[in-house]
Protein chains: 2
Amino acid sequence: MRPDAEAVAEQVFVALADPSRRALLAALASGGPATATDLAGRLPITRQAIAKHLALLAEAGLVTAEPGERRRVRYRLRSDPMRVAQQFLAALARDWDGPLAALSQHLDDTAPPGAARR
Amino acid sequence: MRPDAEAVAEQVFVALADPSRRALLAALASGGPATATDLAGRLPITRQAIAKHLALLAEAGLVTAEPGERRRVRYRLRSDPMRVAQQFLAALARDWDGPLAALSQHLDDTAPPGAARR
DNA sequence: CCAGCCGGCAACTGATGGGTTGCAACACTA
DNA sequence: TAGTGTTGCAACCCATCAGTTGCCGGCTGG
């Protein structure tokens with residue numbers, strides 16, 4: 001249930017905008033589910049920084065935290081929000097240079113200077 | 001020529017992560033090419049703030065600044081980077097829950113607790 | 001020629017975020 | 001029981017960024 005696909009897309013964009021976070025996701029993708037300490041061994045940042053990123057990613061729904069055996073918490077990738085973001089991107093791009101582009105250029109050509117509101 | 005699609009995608013993500021920037025793009029999409037002052041009339045922020053956002057968007061290739069007749073600079077949408085970002089997203093998501101997911105779960109299942117090195 | 005509008009720097013402030021260190025709590029094991 | 005390893009929380013720098021105000025230069029029009 002996503003009443004606001006834009007919100008989901010925004011979180012995905014925010015998440016993917018950071019190189020560390022992308023590296024984190026890449027590590028999870030290539031190495032499978034892992035814990036924060038585990039990931040800290042592969043990335044040049046501390047475990048706490050990773051935990052923060054994981055929290056943000058979990059908030060965005062890109063990863064899920066599943067409690068493991070001992071006390072280790074394992075993080076697994078979730079691709080569902082990615083699809084939402086993809087659709088958002090596609091819809092956006094479609095609007096831009098779709099029929100609107102021609103219309104815009106037409107308006108641009110015919111609109112008198114004073115016609116622009118305000 | 002994009003030797004690094006990830007860099008383009010990152011800029012797109014950064015650009016789309018900001019609500020003001022999305023509103024800016026939406027205004028451009030619905031109203032056609034416009035100038036910074038024009039856009040300042042439709043958004044609740046000052047012209048200078050808009051100019052900064054436009055500069056960032058231009059840097060990302062999402063808009064192009066074309067000098068108009070008087071001294072007005074018109075900004076037009078460009079959807080090319082969006083496609084790159086889309087492909088980036090698609091490739092990422094494909095890796096996640098592709099064959100790798102099964103492999104990861106397999107490894108996860110068979111690895112004995114003590115087998116974890118260190 | 002002067003007034004007005006428009007656009008582009010420049011400087012400043014406030015907030016946000018990435019990253020670090022430190023510490024406390026808990027589980028397992030020798 | 002002592003020790004080790006792992007997690008979570010909190011406090012704290014530092015950089016960046018969004019947004020503002022102010023000023024100056026250049027067209028345009030009367």
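Throughout, protein chains are lettered first and strands after them, A, B, ... in sequence-line order, and every chain is numbered starting at 1. These figures come from a predicted structure and were not determined experimentally.
Interface residues of residues 15-26 of chain B facing DNA chain D, ordered by number: B:D18, B:S20, B:R21; criterion, heavy-atom separation under 4.0 Å. Interface residues of residues 47-59 of chain B facing DNA chain C, ordered by number: B:R47, B:Q48, B:K52; criterion, heavy-atom separation under 4.0 Å.
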Donor-acceptor contacts under 3.5 Å from residues 7-27 of chain A side chains, at least two apart:
unit_1 : atom_1 : unit_2 : atom_2 : d
A:E10  : OE1    : B:R22  : NH1    : 3.2
A:E10  : OE1    : B:R22  : NH2    : 2.5
A:D18  : OD2    : A:S20  : N      : 3.0
A:D18  : OD2    : A:R21  : N      : 3.1
A:R21  : NE     : A:A15  : O      : 3.1
A:R21  : NH1    : A:H53  : ND1    : 3.3
A:R21  : NH2    : A:V14  : O      : 2.9
A:R22  : NE     : B:E6   : OE2    : 2.8
A:R22  : NH1    : A:L16  : O      : 2.7
A:R22  : NH1    : B:E10  : OE1    : 3.3
A:R22  : NH2    : B:E6   : OE2    : 3.2
A:R22  : NH2    : B:E10  : OE1    : 2.5

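The 5' end of DNA chain D is approached more closely, in terms of each residue's nearest nucleotide, by A:D38 than by the other of B:V14 and A:D38.
Scanning both residues, A:R42 and A:A34, for their nearest heavy atoms gives NH2-CB, 3.9 Å.
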| query | Hey, mind stepping through B:L62 and B:M82 against side-chain contact (heavy atoms from CB on, under 4.5 Å) and telling me if it holds? | reply | CA-CA 8 Å; B:L62 288 170; B:M82 299 283 282; 3.8 Å; yes
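For residues 23-35 of chain A, no pair satisfies salt bridge (charged side-chain N to carboxylate O under 4.0 Å, His left out), with sequence neighbours left out. A salt bridge (charged side-chain N to carboxylate O under 4.0 Å, His left out) check over residues 44-63 of chain A, counting only residues at least two apart or in different chains, returns nothing.
A:L56 and A:I50 are not part of a single hydrophobic cluster, where members link through side-chain heavy atoms under 4.5 Å apart.
Applying the side-chain contact (heavy atoms from CB on, under 4.5 Å) criterion to B:A65, with sequence neighbours excluded, gives B:V73, B:Y75. Applying the side-chain contact (heavy atoms from CB on, under 4.5 Å) test to B:A51 and every residue at least two apart in sequence or in another chain returns nothing.
If you take CZ of A:R74 and P of D:dT6, they are 13 Å apart, rounded to a whole angstrom. A straight line from CG of B:L39 to C1' of C:dC6 spans 14 Å, rounded to a whole angstrom.
Comparing atom distances between the A:R72 side chain and each of D:dG8, D:dT21, D:dT6 picks out D:dT6 as nearest. Which of D:dG8, C:dG8, C:dG19 sits closest to the side chain of A:I45 comes down to C:dG19.
The shortest distance between the side-chain N/O atoms of B:T46 and the OP1/OP2 oxygens of D:dG19 is not below 4.0 Å.
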